[in-house]
Amino acid sequence: MSAGARASDPHRVASESGWALPALLDHRGMLGYAYRSARPIPRGTLHSHSYYEVYYFHEGKCTYLIGDKIFVLAPGDLIVMYGMTLHCPHTDPAYPYVRTTIHFEPAGLAPYLESPYAVNVLQPFQELRNHRLRLRGAEKEEAERILAFMHRQQQRRDRIGDNRMRLAFADLLHFIYEQCLQPLRERPDLPSDKERTVQEMISYLEAHYADDLNLETLQRHIHLSKSYLAKIFKDVTGITIFEFVYRRRINQARILFLFEPQLSVTEVAFRVGFKHLAHFSRMFKQHLGVTPEQYRRHQRQQAE
């Protein structure tokens, strides 16, 4: 399988656009948090990434483009983003552009979100995809209180602070879920044919990302031409099918390094669907900026 266009590096994109910086990642590398960043950003920085994202607008003048949606932002606006849809802020440089952003890998939060009575706090990301909440009054104060608390815990730079930040983020996700209950209920039951087809493709790729995939396999499964499938997938998600598969494999490799540290790099590469170790190492470094060996070693040191 050819990756086609070079997949974007989520850490590099984040740094260039003034969002969550690598230095602000939690010690497991699964939660990137940039609090009240005021760094200017290049104009027209359209990008996508495999992480989910929470974006909170504090001040400035900003029009946010997400896919085919345009949001004119006001202080207190919070956006939940699916991540893979191309998005880009357009700001007025005459005003400070202050925002808080959180990039996160859902699997890394599983221990904090699973309980016998858990609700699916990821539902707004999964179903609404890219949705704006206009927080005002008490809701705005509550969101900003949680964000400020997360920042204080992040600044501690220790394990207690790291865990308290994650717990506070789990609280924020529950807050967002509660605010999204009405739009979730009002969401149309039937997506467009194109969206439904892409969702079927994503479901298949999620279940088979570690298999030897190609466009012919998708064509046989969905009964539509491979050229049409490739086009609508890019239209809806902003990335190619191959980019999606490689990002999914690399994300799964990170999860395995975190939760199954006894696995070797070779074992992880084969388990997530790569046939050749050199290919896995090249794609891993392209996406994350470090080799699998460096990433695995760092995770093992953090666990000691």
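Side-chain contact, Q252 with R248: a donor N or O sits under 3.5 Å from an acceptor N or O. Side-chain polar atoms of S203 and E200 form no donor-acceptor pair below 3.5 angstrom. Side-chain N/O atoms of Q153 and N163 include no donor and acceptor closer than 3.5 Å.
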Worksheet item: What do the steps show when you test K140 against E144 for salt bridge (charged side-chain N to carboxylate O under 4.0 Å, His left out), and what is the final call?
Response: CA-CA 6 Å; K140 181 174 181 287; E144 292 184 353; 3.1 Å; yes
Item to complete: Test I222 against T197 for side chain to side chain contact (heavy atoms under 4.5 Å, CB included), laying out the working first.
Response: CA-CA 8 Å; I222 300 179; T197 300; 4.1 Å; yes
Item to complete: Quick one: do Y64 and F57 satisfy side chain to side chain contact (heavy atoms under 4.5 Å, CB included)? Show the steps, please.
Response: CA-CA 10 Å; Y64 216 111; F57 183 64; over 6 Å; no
Fill in: Verdict with supporting geometry, E243 and K234, salt bridge (charged side-chain N to carboxylate O under 4.0 Å, His left out)
CA-CA 10 Å; E243 285 178 299; K234 180 70 178 291; 5.5 Å; no
Worksheet item: Could you walk me through whether D162 and Q154 pass the side chain to side chain donor-acceptor pair (under 3.5 Å) check?
Response: CA-CA 6 Å; D162 180 79; Q154 179 191 53; over 6 Å; no
Worksheet item: Is there a side chain to side chain contact (heavy atoms under 4.5 Å, CB included) between R36 and E59 once you walk through the steps?
Response: CA-CA 9 Å; R36 293 189 65 91; E59 61 177 283; 3.5 Å; yes
Item to complete: Could you walk me through whether D92 and Y97 pass the side chain to side chain contact (heavy atoms under 4.5 Å, CB included) test, one step at a time?
Response: CA-CA 8 Å; D92 185 339; Y97 172 45; over 6 Å; no
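Around atom CD of Q182, no more than 12 heavy atoms belonging to other residues, nucleotides or ligands sit under 6.0 Å away. Heavy atoms from other residues, nucleotides or ligands lying under 6.0 Å from CD of E293 number more than 12.
Scanning all heavy atoms of the two residues, the minimum distance from K275 to F270 falls at O-CE2, 3.3 Å. Closest approach of V72 to R132, counting heavy atoms only: O-NH1, 2.8 Å. The shortest heavy-atom contact between F284 and V290 is CD2-O, 3.3 Å. Scanning all heavy atoms of the two residues, the minimum distance from H131 to C180 falls at CD2-SG, 4.1 Å. Pairing each heavy atom of V198 with each of I232, the nearest pair is CG2-O, 3.6 Å. For the pair L256 and R271, the tightest heavy-atom approach, listed with the atom from each and the gap, is CD1-CD, 3.7 Å.
Between E53 and H87 the shortest side-chain heavy-atom distance falls below 4.5 Å. Contact annotation: the side chain of L31 approaches that of F169 to within less than 4.5 Å [non-hydrogen atoms, C-beta and beyond]. Contact annotation: the side chain of R254 approaches that of N251 to within less than 4.5 Å [non-hydrogen atoms, C-beta and beyond]. Two residues are said to be in side-chain contact when any heavy atoms from C-beta on lie closer than 4.5 Å; L73 and T63 fail this criterion. Side chains of Y55 and V80 form no contact here, defined as non-hydrogen atoms less than 4.5 Å apart. Contact of the C62 side chain with the F71 side chain is not registered, since no non-hydrogen atoms from C-beta on lie closer than 4.5 Å. When side chains are defined from C-beta on, Y52 does not count as touching E105, because their heavy atoms never get closer than 4.5 Å. In this structure, I66 and M81 have side chains that are in contact, with non-hydrogen atoms separated by less than 4.5 Å.
Considering Y228, F244, F242 as possible partners of F233, the one that fulfils the ring-ring contact (aromatic ring centres under 6.0 Å, His included) test is F244. Looking at Y51, Y177, F104 one by one, the single match for ring-ring contact (aromatic ring centres under 6.0 Å, His included) with F125 turns out to be F104.
At distances below 3.5 Å, at least one donor-acceptor pair connects side-chain atoms of R136 with backbone N or O atoms of P75. Side-chain N or O atoms of D211 include none that pairs as donor or acceptor with a backbone N or O of L213 at under 3.5 Å. Under the 3.5 Å distance criterion, the side-chain polar atoms of S281 are matched with a main-chain donor or acceptor of L277. Although no hydrogens or angles enter the test, the distance criterion places no donor-acceptor pair under 3.5 Å between the side chain of E178 and the main chain of F175. Judged by distance alone, with hydrogens and angles left aside, the side-chain atoms of H298 form no donor-acceptor pair with the main-chain N or O of Q294 at under 3.5 Å.
A cation-pi arrangement is absent between R249 and Y209, since the terminal nitrogen or guanidinium carbon is not both under 6.0 Å from the aromatic centre and inside a 45° cone about the axis. Geometric assessment of R129 against the ring of Y82 yields a positive cation-pi assignment under the 6.0 Å and 45° thresholds.
Between F280 and F274, the ring planes lie tilted relative to each other; the angle falls in the 30° to 60° range. Ring-plane geometry between Y56 and H58 is classed as perpendicular, the angle between the planes exceeding 60 degrees on a 0 to 90 degree scale with a lower cut at 30.
Ring-centre distance between H279 and Y246: below the 6.0 Å cut-off.
Q219 pairs by the side chain to side chain donor-acceptor pair (under 3.5 Å) definition with nothing, not counting sequence neighbours.
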